[in-house]
Amino acid sequence: MIDTIHIVISDTHSGSNHALFIGRNWQGIQNTHYPTSAQIEIRKHLLRYAAEVAHARKGKRIRLVVNGDAIDGDHHNSGDVCTINEKEQSDIHIEIMIEFQKLIKWQRGDELYYTKGTQSHVHHQEDYIGEQMGAVANGDYYSWDFLKLETNGVLSWFVHHGAGAGHGANEGNNVRNWLKNICYDALKDGERQPDIVYTGHTHDPTYSTFISRNGMKFYTMHGIGLPSWQAKTTYAWMKAPVQRNKIGGVIHEIKADGVICIPRFCIMGYE
């Protein structure tokens with residue numbers, strides 16, 4: 001057992017003209033892309049996040065999970081991407097992640113996992129990306145529909161699609177109710193309930209807990225919703241015009257003795 005930090009990022013949407021991009025001008029087969037001012041700011045935030053991870057990881061193991069939607073594809077047929085070639089988008093993502101691993105001082109014993117995102121965004125590219133990145137394999141594949149990890153006795157679930165955060169006074173209720181359903185389904189099926197559930201897709205960071213009991217033993221489940229690395233697209237402005245966009249990742253420590261720490265979000269604009 002060793003102190004371990006879960007570094008979980010979601011929805012990088014590589015290839016989008018609104019998302020995290022490499023730190024240079026990009027030349028594809030047919031297109032050239034120069035990072036926009038928004039992409040430059042998002043990249044600066046990635047560097048801040050990586051510095052926080054590098055500091056937090058001293059003496060600890062890292063389990064890095066990219067929790068879905070690694071690339072953008074051409075989901076809404078908007079053409080608002082630097083290329084519609086999914087292989088090129090995947091290679092952009094790979095270059096970003098190789099740099100990120102170097103920045104967080106990746107070392108022997110660290111592990112990388114990919115979960116599958118929205119099919120219309122990524123198709124099967126996360127398998128290609130995972131293989132190129134040396135991610136932990138899922139049998140013959142390199143990405144997971146449903147990833148279960150046990151870290152120091154703590155069971156974590158990673159899925160891309162889950163409950164959204166909710167808004168205003170209701171923030172957190174959706175996640176809490178989702179955890180409650182997971183808990184009672186596990187009890188009915190006689191299975192172990194997860195200690196932590198991580199989800200993405202809604203681009204909205206949240207943290208909520210649900211406390212259950214068996215006899216007089218009380219258990220806490222932790223639910224963590226992840227932000228994205230993509231500024232608002234034309235589609236997002238239409239669907240959520242007044243909602244503030246939040247960009248970043250999470251650092252979540254699991255102590256060697258199984259103690260679950262409160263997750264620390266690193267969100268752009270909340271430094």
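Residue numbers run from 1 in the order of the sequence given.
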Using atom types as modelled and distance alone, determine if a side-chain donor or acceptor of [X] lies under 3.5 Å from a backbone N or O of [Y].
X	Y	result
Glu150	Ser156	no
Thr115	Gly68	yes
Lys60	Ala56	yes
Gln39	Ser16	yes
Asp11	His203	no
Glu126	Gly117	yes
Asp110	Ile62	yes
Asn85	Lys87	yes
Asp257	Val259	yes
His45	Met268	yes

Please assess Arg43 against Glu99 for the test salt bridge (charged side-chain N to carboxylate O under 4.0 Å, His left out), listing each intermediate value before the final yes or no.
-> CA-CA 11 Å; Arg43 174 174 162 75; Glu99 180 187 24; 2.8 Å; yes

Please confirm whether Phe21 and Trp229 have ring centers closer than 6.0 angstrom.
->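 Aromatic pair excluded; centres sit 6.0 Å or further apart.
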
Please confirm whether Trp157 and Tyr198 have ring centers closer than 6.0 angstrom.
-> no

From CA spacing to verdict: side chain to side chain contact (heavy atoms under 4.5 Å, CB included), Tyr113, Leu149 | CA-CA 10 Å; Tyr113 296 84; Leu149 286 182; 3.5 Å; yes

With side chains defined as the heavy atoms from C-beta onward, is the minimum distance between [X] and [Y] less than 4.5 Å?
X	Y	value
Asp91	Ile129	no
Ile224	Ile196	yes
Asp3	Ile254	no
Trp106	Leu64	yes
Leu103	Tyr49	no
Ile251	Pro263	no
Tyr207	Ile262	yes
Leu46	Phe100	yes

side-chain contact (heavy atoms from CB on, under 4.5 Å) partners for Thr202, two or more places apart = Asp204

Other residues, nucleotides, ligands: >12 heavy atoms within 6.0 Å of [X] [atom1]:
X	atom1	answer
His161	NE2	yes
Ile84	CD1	no
Gln107	CD	yes
Tyr34	OH	no

Same hydrophobic cluster for [X] and [Y], using side-chain heavy-atom links shorter than 4.5 Å among ILVMFWY?
X	Y	value
Leu155	Ile182	yes
Ile98	Leu20	yes
Leu47	Tyr270	no
Phe218	Leu187	no

Would you sort out whether Tyr142 and Tyr128 count as a side chain to side chain contact (heavy atoms under 4.5 Å, CB included), showing the intermediate values?
-> CA-CA 7 Å; Tyr142 291 87; Tyr128 165 75; over 6 Å; no

Closest approach of Cys183 to Gln193 (non-hydrogen atoms, all atoms of both residues) =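 Where Cys183 meets Gln193 most closely, the heavy atoms are SG-OE1, 3.4 Å.
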
Distance check, rounded to the nearest 0.5 Å: [X] atom [atom1] versus [Y] atom [atom2]?
X	Y	atom1	atom2	result
Ile96	Ser14	CD1	OG	4.0 Å
His18	Asn245	NE2	CG	11.0 Å
Glu253	Cys261	CD	SG	4.5 Å
Gln125	Asp69	CD	CG	13.0 Å
Ser228	Lys246	OG	NZ	10.5 Å
Phe158	Asp145	CZ	CG	15.5 Å

May I ask you to check whether [X] and [Y] show a side-chain donor-acceptor distance below 3.5 Å?
X	Y	value
Tyr184	Asp189	no
Thr83	Glu88	yes
Asn67	His160	no

Lys44/Arg48 under side chain to side chain contact (heavy atoms under 4.5 Å, CB included): CA gap, chis, key distance, verdict | CA-CA 6 Å; Lys44 287 179 182 177; Arg48 284 192 289 269; 4.2 Å; yes

Please assess Thr151 against Arg63 for the test side-chain hydrogen bond (donor to acceptor under 3.5 Å, both in side chains), listing each intermediate value before the final yes or no.
-> CA-CA 9 Å; Thr151 303; Arg63 280 183 151 177; 2.7 Å; yes

Test His93 against Thr12 for side-chain hydrogen bond (donor to acceptor under 3.5 Å, both in side chains), laying out the working first.
-> CA-CA 8 Å; His93 176 86; Thr12 54; 3.2 Å; yes

Could you go through the side chain to side chain contact (heavy atoms under 4.5 Å, CB included) check for His222 and Ile260 one step at a time?
-> CA-CA 9 Å; His222 305 254; Ile260 301 170; 3.9 Å; yes

Do Lys148 and Phe146 meet the cation-pi criteria used here (NZ or CZ under 6.0 Å from the six-membered ring centre, within 45° of the axis)?
-> yes

Could Lys116 and Tyr141 be counted as a cation-pi pair, given that NZ or CZ must be under 6.0 Å from the ring centre and within 45° of the axis?
-> yes

Might you work through the salt bridge (charged side-chain N to carboxylate O under 4.0 Å, His left out) test for Glu95 and Arg24, ending with a clear yes or no?
-> CA-CA 11 Å; Glu95 183 172 335; Arg24 60 178 176 83; 2.8 Å; yes

